[in-house]
Visitor: 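Questions regarding the structure given below will be posed in turn.
In what follows, chains carry the letters A, B, and so on, assigned in the order in which the sequence lines appear, proteins first and then strands, with residues in each chain numbered from 1.
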Amino acid sequence: MTNERYNARDAEQRWQRIWDDRAIFTTVNDDPRPKYYVLEMFPYPSGRIHMGHVRNYTMGDVVARYKRARGFNVLHPMGWDAFGMPAENAAMANKVHPKNWTYENIATMKAQLRSMGLSLDWSREVATCDPSYYKHQQRMFLDFLEAGLVERKKSKVNWDPVDQTVLANEQVIDGRGWRSGALVEQRELVQWFFKISDYSEELLAALDTLDRWPDKVRTMQRNWIGRSEGLLIRFALDAASTTTAAREVEVFTTRPDTLFGAKFVALSPDHPLANDVAKTNPALAAFIEECRRTGTAQAAIDTAEKQGFDTGIRAVHPLDPSWTLPVYVANFVLMDYGTGAIFGCPAHDQRDLDFVNKYGLGNIPVVCPEGQDPKTFVITDTAYDGDGRMINSRFLDGLTIADAKEQVASRLENEKLAGHPVAKRQVNFRLRDWGISRQRYWGCPIPIIHCDDCGSVPVPVKDLPVQLPDDIEFDRPGNPLDRHATWRNVPCPQCGKPGRRETDTMDTFVDSSWYFARFTDPTLTDAPTDRAVADAWMPVNQYIGGVEHAILHLLYSRFFTRAMKATGHIGLDEPFAGLFTQGMVVHETYRKADGTFVFPADIRIEADGDSRRAILIATGEPITIGSIEKMSKSKRNTVDPDDIIATYGADTARWFMLSDSPPDRDVIWSEERVQGASRFVQRLWRLVNDAAEAGKNRPAGRPNAFGEDALAIRKAAHGALDKVSGGIEKLHFNVCLAHIREFSNTFAEVLGKVTAGEVTPDLAWAAHEAAVILVSLFQPMMPHLAEECWAALGETGLVSEAAWPTLEPELLVEDTITLPVQVNGRKRADVTVGRNAASGEIEAAVLALDEVKRALNGAAPRKIIVVPQRIVNVVA
RNA sequence: GCGGGCGUGGCGAAAUGGUAGACGCAAGGGACUUAAAAUCCCUCGGCGCGUGAGCGCUGUGCCGGUUCGAGUCCGGCCGCCCGCACCA
């Protein structure tokens with residue numbers, strides 16, 4: 001029995017130094033063992049790590065340490081997603097250079113991560129803001145350009161007025177910038193694009209192969225890519241009704257079956273035909289102008305009422321030349337999806353129904369739900385978009401929707417308008433190309449020089465990297481690169497005349513789209529990757545991060561990997577074979593009487609019978625305990641990892657992060673439970689020391705027979721070993737930890753029964769074996785404590801380098817088993833039988849039980865169900 | 001509106017269709033102690049019966065179904081959370 005408490009602060013620093021000195025987590029590329037690549041999403045160097053990082057990196061570390069023990073050559077690197085806006089904001093606010101701000105933050109956070117005891121290979125550290133990293137990104141930009149995967153075009157973009165930069169569609173959330181929260185406006189700008197839409201079909205199809213991704217993420221990506229099959233249909237325009245040269249308009253529809261229910265054709269306000277007509281129609285011009293004005297903010301578009309303007313033009317129905325439809329310009333038709341024009345079938349589309357109800361155009365139902373009488377089926381306020389049979393549709397009547405679609409498609413494909421087919425089948429995607437231009441300084445420069453004669457000329461590869469200038473000013477809004485004459489004004493690499501550098505930098509999501517590949521050979525100078533090395537390590541076996549990146553980062557990375565493959569930098573399509581999205585860390589909120597939030601560290605909780613109250617330590621004033629929310633600076637419900645590590649040690653923090661909730665669910669940070677974790681650390685320390693004492697005089701060789709106590713310990717140890725091994729593989733950390741606790745309870749109970757003098761040789765041997773297993777099992781979660789215990793047990797070497805214990809499966813099998821006995825599904829008794837008892841034998845034993853006899857009341861059972869090794873159910 | 005997930009004690013949770021509540025937190029009781037901390041032991045879903053060991057009933061949001069047996073599978077509701085949202 002040791003009376004000494006485990007001193008985490010001392011032990012943790014000590015073991016971290018030893019791991020460092022021996023470089024045990026440095027991974028060698030040509031190691032012959034099977035590889036395992038585990039990666040957590042690298043952090044933005046915002047200044048300090050937060051509890052979300054602690055949770056994320058603890059999970060990854062458990063996997064890394066477990067796989068290492070299992071004999072894999074584990075790659076577990078870390079780096080910094082180091083470009084981005086906050087560095088520039090800090091530069092403006094505090095007059096610090098973004099570079100200095102970023103590197104200082106990296107130094108701080110790296111020290112914090114080290115204090116967590118993560119088994120990271122720091123020799124592979126990369127920072128995306130380092131020219132040695134972004135040089136290769138510029139190289140790949142040029143490769144992609146050559147491969148036709150980059151495009152420069154004028155485009156309507158999402159403009160964030162606060163950050164003064166462009167956002168990709170994925171970066172606009174509820175009409176607001178994902179970072180600033182500002183209402184996003186629409187602007188026209190010339191932008192660089194990655195042609196992610198070239199891969200729409202592939203990115204969608206390959207989701208089916210990602211069977212180790214959460215369904216939720218795959219569904220989100222599927223919806224985002226938004227594939228829809230439909231028909232392009234050309235409507236002839238009635239010449240008499242038009243004032244322009246256009247003789248037709250093309251629409252896209254997924255519901256050609258509803259063509260006989262058509263009531264109008266509508267054009268986007270940005271449609272060329274609409275603008276053409278507007279030239280001679282001032283009222284229409286005013287309407288279009290109105291649409292554009294209300295339409296600058298995305299939020300306004302989403303909530304605007306449906307409005308239209310009748311152009312007076314009539315479109316000829318493609319299936320009936322004598323039938324014409326009015327052509328409207330309508331505010332709800334999007335220019336950048338399909339053709340920017342639609343036909344409206346109000347009975348079966350809510351938007352169209354809202355529209356006709358406003359303009360009194362009426363509707364005709366053409367799909368009748370099963371069981372409805374077509375004669376009485378009417379649509380008033382709610383469009384019907386379900387299944388049914390065609391009605392009011394001439395040659396389509398009675399067909400299913402699918403058959404009707406097919407009929408219309410094949411008929412119109414073969415009809416001609418002005419010498420070309422009236423219709424064409426087409427697959428449309430919602431996914432747009434990825435606009436990567438950002439009007440910022442602190443990002444990867446786009447390696448292009450604009451020349452009046454030669455156009456946009458790539459910077460020659462030998463001149464890379466295009467390095468960011470250090471001498472910049474943040475005294476005015478906008479991009480300082482625009483104002484940096486000596487950086488900006490350079491000769492054209494092609495003709496030598498004066499040219500101008502591209503001053504836009506790349507979206508920082510580009511930086512994070514390939515860092516996982518760079519980690520495989522991070523010091524390579526002449527290429528982004530060594531193809532063979534990258535192919536050997538990739539894909540990442542287990543990627544762990546927040547679900548907030550379900551679309552943005554993960555979709556971009558999937559595209560980028562394909563683009564790298566197309567340009568010869570890597571040999572695979574999918575970067576992440578396994579993905580796990582962990583839940584958030586949440587915490588209670590605390591408010592003063594005036595409503596302002598206070599930090600958990602500034603209050604004290606007092607238990608008051610069943611209720612709890614909070615008091616501000618400094619003043620003693622009462623504090624209201626509020627709802628549980630995601631930890632955030634604004635709500636001041638954050639807990640600083642440094643404080644926790646200083647108070648309890650990293651192992652306690654790590655254990656708590658894993659123990660309290662399933663890893664994919666939110667975990668509530670609670671001081672009481674952290675103390676519970678801390679108590680367990682001490683408990684383990686005492687237990688292992690007791691076991692060391694008990695095992696002191698153990699025999700050198702394994703005893704031939706074990707007594708009851710020794711056997712109990714061995715069964716508990718191997719049972720836990722079995723369950724924890726399987727649990728880590730499935731990332732069921734909380735359950736693993738429960739099994740470790742259960743085992744330690746049994747172990748402590750048995751050891752508590754015997755006093756030192758009574759330890760038999762078999763028990764001594766078993767106690768030592770169990771202690772070794774115990775320490776090995778919690779080593780992935782609490783590595784420092786594990787090392788300390790390992791040493792206390794007199795084991796040689798480091799437990800961080802030790803092999804996972806070997807399971808003895810025969811210990812998991814009992815000679816006799818106790819089966820629950822049910823009568824009519826209700827548990828009445830237990831029966832103990834031999835492991836391999838025959839059904840008949842078990843039935844006899846069950847029928848002999850008093851409880852069963854009583855329940856049967858003398859009658860014979862109708863049936864007895866014996867589920868081997870599980871349960872017996874007697875049906876009366 | 002569309003899509004997805006979830007609903008189990010006072011709380012966090014566990015449970016290949018097979019003993020619901022493992023493991024922990026909080027709480028209550030006790031031991032040790034001059035005292036406290038630490039530690040150890042006991043109780044802990046609800047209702048009822050019994051002096052007691054114990055026993056009975058009931059219980060996984062609600063209603064139904066499948067099954068010898070349902071927290072788990074199916075159908076229909078209710079509630080909460082998340083994602084997408086004029087994508088034709």
Visitor: Return no unless some side-chain N or O of R222(A) is found under 4.0 Å from OP1 or OP2 of rC84(B).
Guide: no

Visitor: What integer number of Å spans the P atoms of rG5(B) and rC57(B)?
Guide: 37 Å

Visitor: To the side chain of W224(A), which of rA85(B), rG12(B), rU19(B) is closest?
Guide: rA85(B)

Visitor: Answer with base, sugar-phosphate or nothing: what part of the nucleic acid does G676(A) contact at a heavy-atom distance below 4.0 Å?
Guide: sugar-phosphate

Visitor: I want to check one thing: is the phosphate of rG5(B), taken as OP1 and OP2, less than 4.0 Å away from some side-chain N or O of R218(A)?
Guide: no

Visitor: Please confirm whether the shortest side-chain N or O distance from R683(A) to OP1 or OP2 of rA38(B) is below 4.0 Å.
Guide: no

Visitor: Look at atom NZ of K630(A) and say whether more than 12 heavy atoms of other residues, nucleotides or ligands are closer to it than 6.0 Å.
Guide: no

Visitor: Inspect the surroundings of CD in E749(A) and state if more than 12 heavy atoms from other residues, nucleotides or ligands are less than 6.0 Å away.
Guide: no

Visitor: I'd like the P distance from rA14(B) over to rG7(B), given in whole Å.
Guide: 9 Å

Visitor: Checking base pairs now: Watson-Crick or wobble, both atom distances under 3.5 Å. What partners rG28(B)?
Guide: rC42(B)

Visitor: Would you please confirm or rule out a distance under 4.0 Å between OP1 or OP2 of rC23(B) and any side-chain N or O of N734(A)?
Guide: no

Visitor: Taking atom types as modelled, find out whether S678(A) and Y6(A) have a side-chain donor-acceptor pair closer than 3.5 angstrom.
Guide: no

Visitor: When all nucleic acid strands are considered with a 4.0 Å heavy-atom cut-off, which category describes N873(A): base, sugar-phosphate, or nothing?
Guide: base

Visitor: Rounding to the closest angstrom, what is the interatomic distance between rC42(B) and rG64(B) at atom C1'?
Guide: 44 Å

Visitor: Just to confirm, is there a sub-4.0 Å distance from OP1 or OP2 of rA26(B) to any side-chain nitrogen or oxygen of R679(A)?
Guide: yes

Visitor: Judged by each residue's nearest nucleotide on RNA chain B, which is more toward the 5′ side, E749(A) or K863(A)?
Guide: E749(A)

Visitor: Looking at the side chain of Y337(A), which of rA22(B), rA88(B), rG83(B) is the nearest nucleotide?
Guide: rA88(B)

Visitor: Which nucleotide sits closest to the side chain of R686(A): rU39(B), rA88(B), rC23(B)?
Guide: rU39(B)

Visitor: Would you mind reading off the distance between Y384(A) atom OH and rA88(B) atom C1', rounded to a whole angstrom?
Guide: 19 Å

Visitor: Consider the side chain of I342(A), meaning its heavy atoms from C-beta on, and name the nucleotide among rG24(B), rG83(B), rA88(B) that approaches it most closely.
Guide: rA88(B)

Visitor: Base, sugar-phosphate or nothing for V333(A)? Non-hydrogen atoms, less than 4.0 Å.
Guide: base

Visitor: In Watson-Crick or G-U wobble terms, both distances under 3.5 Å, what is the partner of rG56(B)?
Guide: rC47(B)

Visitor: Using the P atom as the reference point in each nucleotide, state the distance between rG12(B) and rC49(B) in Å, no decimals.
Guide: 32 Å

Visitor: Looking at E629(A), is its backbone amide N or carbonyl O close enough to the side chain of N637(A) to form a donor-acceptor pair, meaning the two atoms are under 3.5 Å apart?
Guide: yes

Visitor: Does OP1 or OP2 of rA13(B) have a side-chain N or O of R665(A) closer than 4.0 Å?
Guide: yes

Visitor: So, is N745(A) close to the rG24(B) phosphate, meaning a side-chain N or O under 4.0 Å from OP1 or OP2?
Guide: yes

Visitor: Whether D349(A) and K263(A) form a salt bridge (side-chain N of Lys/Arg under 4.0 Å from carboxylate O of Asp/Glu) is what I want to check.
Guide: no

Visitor: According to the Watson-Crick and G-U wobble definitions, with both distances under 3.5 Å, which nucleotide is paired to rA15(B)?
Guide: none

Visitor: Look at all strands and tell whether Q822(A) reaches a base, only sugar-phosphate, or nothing, counting heavy atoms closer than 4.0 Å.
Guide: base

Visitor: Between rG24(B) and rU51(B), how far apart are the C1' atoms? Round to whole Å, please.
Guide: 35 Å

Visitor: With P as the reference atom in both, quote the distance from rA20(B) to rA38(B) in angstrom, rounded to an integer.
Guide: 37 Å

Visitor: CZ/R55(A) to CZ/F656(A) distance, rounded to the nearest 0.5 angstrom?
Guide: 9.0 Å

Visitor: Using the P atom in both, what is the distance from rC2(B) to rG9(B), to the nearest Å?
Guide: 30 Å

Visitor: Does one side chain, of N689(A) or E693(A), offer a donor that lies under 3.5 Å from an acceptor on the other?
Guide: no

Visitor: From rC82(B), rA22(B), rG18(B), pick the nucleotide closest to the side chain of I871(A)?
Guide: rG18(B)

Visitor: Once hydrogens and angles are ignored, does a donor-acceptor distance under 3.5 Å link the base of rC84(B) to the side chain of N223(A)?
Guide: no

Visitor: Taking donor-acceptor contacts at under 3.5 Å, does the side chain of R5(A) reach the base of rU39(B)?
Guide: no

Visitor: Watson-Crick or G-U wobble partner for rC80(B), using a 3.5 Å limit on both distances?
Guide: rG5(B)

Visitor: Using a 4.0 Å heavy-atom cut-off, does R741(A) contact any base of the nucleic acid, only the sugar-phosphate backbone, or nothing at all?
Guide: sugar-phosphate

Visitor: Could you classify rG29(B) for me, syn or anti, using a glycosidic angle within 90° of 0 as syn?
Guide: anti

Visitor: Looking only at atom P, what distance separates rU72(B) and rC63(B), rounded to whole Å?
Guide: 13 Å

Visitor: If I take atom CZ from residue F680(A) and atom CZ from residue R683(A), how far apart are they, to the nearest 0.5 angstrom?
Guide: 7.0 Å

Visitor: Would you say rC11(B) has OP1 or OP2 under 4.0 Å from some side-chain N or O of S670(A)?
Guide: no

